[in-house]
K.L.:
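Take this structure, written in structure tokens, and hold onto it; I'll ask about it next.
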Amino acid sequence: MENRLPPRPQIYRGYPTPVSRPFVPLGLETLYTICRQIYPDQPNPLQVAALVKYWLGGPDPLDYISMYSNPGNPSADIPPHWHYISFGLSDLHGDGRVHEISGVGTPSGFGFELTFRLKREPEERVPPTWPAAIMQALAKYVFQSENVLVAGDHVSWHCPLDNSESRIQHMLMCDDPQLGTVPTPFGSVTFIQIVGVCAEELQAAQGWNGPGIIELMKSTKGVGGPWLVTDMRRGETIFELDPSVQDAVDRGIETDGSNLSGVSARCSWQEKKHVTPPVDDSEEADLERGFAQISVQESEQIKATLKKGLMGTKAVLPPIRPNSSNRYYGMDQNEGTSRKESYDSNMNSEIASLEPPELLQTKYFDSVHLQFNLEAGTILPLALRGRLKHGRHFTFKSVIGDVAITLVPVSVSGAFVDPERPFAAHGPWLQVLLSDEDIENILEDLVTMNESDAISLPKTFEWCHNKLLVTLMHEDY
């Protein structure tokens, strides 16, 4: 009988045991390659990674956020900074696990990834991780609402981005100056850069437009240079650094108006009563208070109508407080009904395109009383100056319930208000027609809105021959 010894294991002498290379999804590898072209000396940057991937049930939509050290270019007013780049809003896998399968000539996933440039302090050796939390929060909004972010959009954050005492409490969006738009096997990807801004700069973007403010920031010394590097220690606005910027913004508003057609806010309305009516819990009384009790079918019709035309707003995240994240205001959209629409870019749909729900009757009032929280009140003069004076409507959509208030200039056609009946409601949706004279009178009275700290709340204004009452309330009234 022949003896057979078991085969001896192969021994590698002088060579490491071969290890299989981890598979990198093709979309992700393509984006990594783009980053390596910019940072060839940093092939393995520090990363913030989702512990449980979103497609496996994890809470964070972004698989990875890479953090690079960028030397900047001091001679071009570009300071050294940390460069954060997200991976996950675009299609990294191409197999349908996260995004709809697409290909060349179409957007990859949502069609963009986020970036952020944070000024590097001289003593810093590792990048702060709080920008990654901001990017994850924005990504959650995009995944939940299916609204994309594009250059020129703004996000109201209402809290210092790093939870410090900084004046940088809001964000504008622009194209990343180094990454731009790149092709991948699963479609194109645009890198959208987050730019931290002060409240005054946000308000200027709302009153005019985001791209205009972005260009002014690029040319203002001390605001991050042409690459718009965010400096959380910046204590002066572009208007304080260069007073001529305000003139440029004023000219822009006068010439172009505003591309912001509506915001989500705390607001309500009721018919103005000259005599205090008795307490009434009926449906009619609820309507007069601006909170109509309507059927589910009627409610869905109103929501669909607002989304289709006049409002142009999409799903709104619940208010997010500073201890968890922050809250969003300022919704708008592009023309069309695409699944993926911009957070707040220009909306071209006009009131004339609306088909009001047939189950509700339009009611007309002799006078109305509107209530806004202070923040919405500060947007009111921007809406009048940047929208109505240019023949465009503006809508306040309540963050609670279906209540909406639309301000309409005389030149807009298709509304259910007219000069003889300037106050009309379709369910909880109120339209208010304002003449050119009304707009000028209201703007004259709201000059003090720029000094909101001096306003004693609640404060009531009476306009349109005392037929329109507007009360500014505390933030969480």
Side-chain angles (χ1 to χ4, degrees), residues 77-79 81-84 114-120 128 130-131 133-135 137-138 141 149-177 191-250 252-253 258-260 263 320 322 325-332 342-346 375 378-379 382 386 450 452:
D77 194 29
I78 302 173
H81 58 276
W82 303 110
H83 192 189
Y84 301 77
L114 291 169
T115 74
F116 185 67
R117 295 177 186 268
L118 177 66
K119 183 178 179 181
R120 179 175 180 174
W130 61 261
I134 297 273
M135 297 167 84
L138 292 176
Y141 165 77
L149 292 165
V150 300
D153 282 357
H154 72 268
V155 176
S156 305
W157 202 249
H158 301 279
C159 175
L161 303 187
D162 61 352
N163 289 320
S164 67
E165 299 299 320
S166 174
R167 292 184 71 176
I168 308 300
Q169 302 186 9
H170 308 282
M171 291 168 273
L172 296 181
M173 304 294 156
C174 70
D175 291 319
D176 188 286
F191 288 89
I192 299 297
Q193 180 176 318
I194 302 166
V195 180
V197 296
C198 304
E200 294 84 350
E201 294 153 359
L202 173 78
Q203 291 173 1
Q206 292 173 330
W208 184 23
N209 60 66
I213 299 302
I214 286 291
E215 291 305 313
L216 290 174
M217 291 181 68
K218 288 181 179 179
S219 60
T220 303
K221 189 172 180 60
V223 193
W227 287 5
L228 294 175
V229 177
T230 297
D231 180 4
M232 295 304 297
R233 297 185 180 182
R234 175 163 68 94
E236 296 177 295
T237 70
I238 55 174
F239 308 106
E240 293 166 333
L241 292 169
D242 183 356
S244 67
V245 170
Q246 184 63 61
D247 294 332
V249 173
D250 291 340
I253 296 174
S258 171
N259 65 357
L260 181 68
V263 295
I320 306 172
S325 181
N326 297 282
R327 56 185 176 174
Y328 298 87
Y329 276 80
M331 298 295 205
D332 203 350
S342 168
Y343 179 75
D344 68 350
S345 53
N346 185 37
E375 181 176 14
T378 61
I379 294 176
L382 301 179
N450 291 329
S452 56

K.L.:
Tabulate below the donor-acceptor pairs under 3.5 Å that side-chain atoms of residues 169-177 make, not counting sequence neighbours, or state none.
P.N.:
unit_1: Gln169; atom_1: NE2; unit_2: Ser166; atom_2: O; d: 3.2
unit_1: His170; atom_1: ND1; unit_2: Trp157; atom_2: N; d: 3.1
unit_1: Asp176; atom_1: OD1; unit_2: Arg117; atom_2: NH2; d: 2.9
unit_1: Asp176; atom_1: OD1; unit_2: Gln178; atom_2: N; d: 2.9
unit_1: Asp176; atom_1: OD1; unit_2: Leu179; atom_2: N; d: 3.0
unit_1: Asp176; atom_1: OD2; unit_2: His83; atom_2: NE2; d: 3.0
unit_1: Asp176; atom_1: OD2; unit_2: Thr115; atom_2: OG1; d: 2.8
unit_1: Asp176; atom_1: OD2; unit_2: Arg117; atom_2: NH2; d: 3.4

K.L.:
With side chain to side chain contact (heavy atoms under 4.5 Å, CB included) as the test, would you mind laying out the steps for Arg233 and Ser164 before giving the verdict?
P.N.:
CA-CA 10 Å; Arg233 297 185 180 182; Ser164 67; over 6 Å; no

K.L.:
A side-chain contact here means heavy atoms from C-beta on lying under 4.5 Å apart; do Ile168 and Pro160 qualify?
P.N.:
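They are not in side-chain contact.
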
K.L.:
Report yes if some heavy atom in the side chain of Trp130 is under 4.5 Å from a heavy atom in the side chain of Leu118; otherwise report no.
P.N.:
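With C-beta onward as the side chain, the pair touches.
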
K.L.:
Would you name the heavy atoms of Val223 and Leu228 that are closest together and state the gap between them?
P.N.:
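Here Val223 and Leu228 meet closest at O-CD2, 4.1 Å.
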
K.L.:
From Ile379 CD1 over to Ser156 OG, what is the distance, rounded to the nearest 0.5 angstrom?
P.N.:
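The distance works out to 6.5 Å.
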
K.L.:
Is there side-chain contact between Glu375 and Val263, with heavy atoms separated by less than 4.5 Å?
P.N.:
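No; the side chains remain at least 4.5 Å from each other.
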
K.L.:
Picking from Ile238, Leu241, Asp242, Asp77, what satisfies side chain to side chain contact (heavy atoms under 4.5 Å, CB included) with Lys221?
P.N.:
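The side chain to side chain contact (heavy atoms under 4.5 Å, CB included) with Lys221 is passed solely by Asp77 among Ile238, Leu241, Asp242, Asp77.
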
K.L.:
Can you name the closest pair of heavy atoms from Gly196 and Thr230 and give their distance?
P.N.:
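Looking at all heavy atoms of both residues, the closest pair is N-OG1, 3.0 Å.
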
K.L.:
Among Glu201, Glu240, Glu236, find the residue that satisfies the salt bridge (Lys or Arg N to Asp or Glu O under 4.0 Å) test when tested with Arg167.
P.N.:
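That would be Glu240.
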
K.L.:
Which of these passes side chain to side chain contact (heavy atoms under 4.5 Å, CB included) with Val245: Thr237, Leu216, Ile213?
P.N.:
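For Val245, the side chain to side chain contact (heavy atoms under 4.5 Å, CB included) test succeeds with only one of Thr237, Leu216, Ile213, which is Leu216.
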
K.L.:
Only counting residues at least two apart or in another chain, list the ones meeting side chain to side chain donor-acceptor pair (under 3.5 Å) with Asp247.
P.N.:
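Asp247: no side chain to side chain donor-acceptor pair (under 3.5 Å) contacts found.
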
K.L.:
Identify the two heavy atoms, one from Ile78 and one from Val229, that lie closest to each other, and give their separation to 0.1 Å.
P.N.:
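Between these two residues, the closest heavy atoms are CG2-CG2, 4.4 Å.
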
K.L.:
Measure the shortest side-chain to side-chain distance between Tyr84 and Ile134 over non-hydrogen atoms and say whether it is less than 4.5 angstrom.
P.N.:
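No, side chains not in contact.
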
K.L.:
Considering non-hydrogen atoms only, spot the tightest contact between Trp227 and His81 and give its length.
P.N.:
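For Trp227 and His81, the tightest heavy-atom pair comes out as CE3-CE1, 3.9 Å.
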
K.L.:
Can you name the residues that form a side chain to side chain donor-acceptor pair (under 3.5 Å) with Arg120, not counting sequence neighbours?
P.N.:
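Here the qualifying residues are Ser69.
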
K.L.:
Search all heavy atoms of Ala204 against all heavy atoms of Val249 and return the closest pair with its distance.
P.N.:
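Distance-wise, the nearest heavy atoms are CB-CG1, 4.2 Å.
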
K.L.:
Under the side chain to side chain contact (heavy atoms under 4.5 Å, CB included) criterion, do Val197 and Met217 qualify, and how do the steps go?
P.N.:
CA-CA 10 Å; Val197 296; Met217 291 181 68; 3.8 Å; yes

